[in-house]
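This report concerns only the one structure given below.
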Amino acid sequence: TPPEVPGALFARDLTVLIDASGSMHGVSMSQAQRAVSLAIKALQPGDLFNVIEFDSHTTALYPDSMPATPGNVGNALDFVTSLQAEGGTEMVPALKLALESPPYEAYLRQVVFITDGSVGYEDEMFSMIESRLGATRLFTVGIGSAPNSWFMRKAAAIGRGSHTRIGQLDEVAERMASLWDRLAL
């Protein structure tokens with residue numbers, strides 16, 4: 001964790017992973033898109049960020065983290081809005097890409113992983129998080145009516161982060177604001 005300096009805010013390097021697999025179809029996808037949009041809009045001008053979507057394939061918006069300029073934020077919002085829920089749930093390549101991207105010195109590196117958590121290979125995911133996390137902190141957001149909360153809570157604990165659960169569309173703004181308050185500390 002960064003040293004505590006009264007009144008100091010640390011620039012962050014935020015990577016948001018969004019599940020766009022078929023299990024996210026409908027309200028879950030709407031919740032996830034709204035959650036990611038709120039996260040992107042909360043970035044400060046000195047922050048870096050990237051968005052990675054995954055289903056059967058993994059797609060990063062940018063090859064590396066980019067500054068949170070109005071243009072880059074606008075591109076990210078368009079990218080997130082255009083996502084369609086389809087395909088399988090291949091979490092490993094997306095999380096691996098996020099954890100293996102080179103860290104930027106003087107930035108607090110945070111990964112926010114938004115999914116319904118439908119995964120059948122939890123042990124492989126936990127091992128990967130433990131072995132590749134480094135100084136990064138991992139925060140999980142469980143979306144939908146029945147996310148795999150056990151997996152999401154344990155992944156966040158291993159990642160030295162926290163877990164947020166969003167079950168209803170009207171909870172997105174409140175729960176994401178609470179998460180952003182924790183991330184800003």
Side-chain angles (χ1 to χ4, degrees), residues 12-45 47-87 89-91 93-99 101 107-119 136-145 147-149 152 155-156 159 161-184:
R12 76 184 80 217
D13 177 4
L14 175 73
T15 300
V16 180
L17 287 94
I18 181 172
D19 184 347
S21 66
S23 65
M24 295 286 290
H25 184 74
V27 174
S28 293
M29 192 68 206
S30 297
Q31 290 171 329
Q33 288 171 312
R34 185 157 182 227
V36 174
S37 294
L38 290 169
I40 292 167
K41 289 175 184 176
L43 291 167
Q44 299 299 308
D47 292 336
L48 300 175
F49 80 104
N50 202 355
V51 179
I52 299 172
E53 70 89 15
F54 64 94
D55 47 34
S56 298
H57 306 285
T58 297
T59 305
L61 175 60
Y62 299 113
D64 293 306
S65 293
M66 299 293 286
T69 63
N72 289 339
V73 166
N75 289 340
L77 293 172
D78 290 343
F79 176 76
V80 169
T81 302
S82 71
L83 295 176
Q84 301 289 320
E86 56 191 19
T89 308
E90 295 296 329
M91 294 179 182
L95 192 55
K96 185 177 178 182
L97 179 62
L99 295 177
S101 63
Y107 284 85
L108 178 60
R109 190 162 163 198
Q110 301 168 326
V111 173
V112 176
F113 188 33
I114 301 175
T115 180
D116 60 4
S118 293
V119 61
T136 301
R137 298 203 43 205
L138 175 67
F139 298 83
T140 61
V141 179
I143 293 287
S145 60
N148 183 343
S149 294
M152 302 297 284
S162 64
H163 171 63
T164 301
R165 165 97 163 74
I166 300 173
Q168 302 292 325
L169 194 56
D170 62 355
E171 296 174 340
V172 175
E174 175 190 340
R175 300 279 167 89
M176 288 307 290
S178 176
L179 175 60
W180 276 109
D181 287 345
R182 286 192 306 272
L183 289 174

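Numbers for residues simply follow the sequence, beginning at 1. Values in this document were obtained by computation on a predicted structure and should not be read as measured data.
By the 4.5 Å heavy-atom criterion applied to side chains, Met29 and Leu83 are counted as neighbours. Contact of the Leu43 side chain with the Arg12 side chain is registered, since non-hydrogen atoms from C-beta on lie closer than 4.5 Å. Using a 4.5 Å cut-off on side-chain heavy atoms (C-beta onward), Thr164 and Ser178 make no contact. Pro45 has its side chain out of reach of Thr69: every pair of non-hydrogen atoms, C-beta onward, lies at least 4.5 Å apart.
Partners of Phe54 under the ring pair (Phe, Tyr, Trp, His ring centres under 6.0 Å) rule, at least two apart in sequence or in another chain, are Phe113.
Minimum heavy-atom separation, Ile143 to Gln31: CG2-OE1, 3.3 Å. Considering all non-hydrogen atoms of both residues, Ala156 and His163 come closest at CB-N, 3.9 Å. Scanning both residues, Val51 and Ala76, for their nearest heavy atoms gives CG2-CB, 4.3 Å. Pairing each heavy atom of Met91 with each of Thr115, the nearest pair is CE-OG1, 3.4 Å. Between Thr15 and Ala98 the shortest heavy-atom distance is CG2-CB, 4.0 Å. Considering all non-hydrogen atoms of both residues, Leu97 and Ala60 come closest at CD2-CB, 4.0 Å.
The distance from atom CG of Asp55 to atom OG1 of Thr89, rounded to the nearest 0.5 Å, is 8.0 Å. Taking CE from Met152 and CG from Leu138, the interatomic distance works out to 8.5 Å, rounded to the nearest 0.5 Å. Within the model, atoms OG of Ser21 and CD of Glu53 stand 10.0 Å from one another, a figure rounded to the nearest 0.5 Å. Rounded to the nearest 0.5 angstrom, Ile114 CD1 and Gln33 CD are separated by 10.5 Å. For the atom pair CG of Leu95 and CD1 of Ile52, the computed distance is 8.5 Å after rounding to the nearest 0.5 Å. Atom CZ of residue Phe139 and atom CG of residue Leu14 lie 9.5 Å apart, to the nearest 0.5 angstrom.
Between the side chain of Asp78 and the backbone N or O of Asn75, no donor-acceptor pair lies under 3.5 Å. In this structure, Ser28 contributes its side chain and His25 its backbone to no donor-acceptor pair below 3.5 Å.
Gln110 and Arg137 share no side-chain donor-acceptor pair at under 3.5 Å. When only modelled atom types and interatomic distance are considered, Ser101 and Arg109 share a side-chain donor-acceptor pair under 3.5 Å. In this structure, a donor-acceptor pair under 3.5 Å is absent between the side chains of Asn50 and Ser65.
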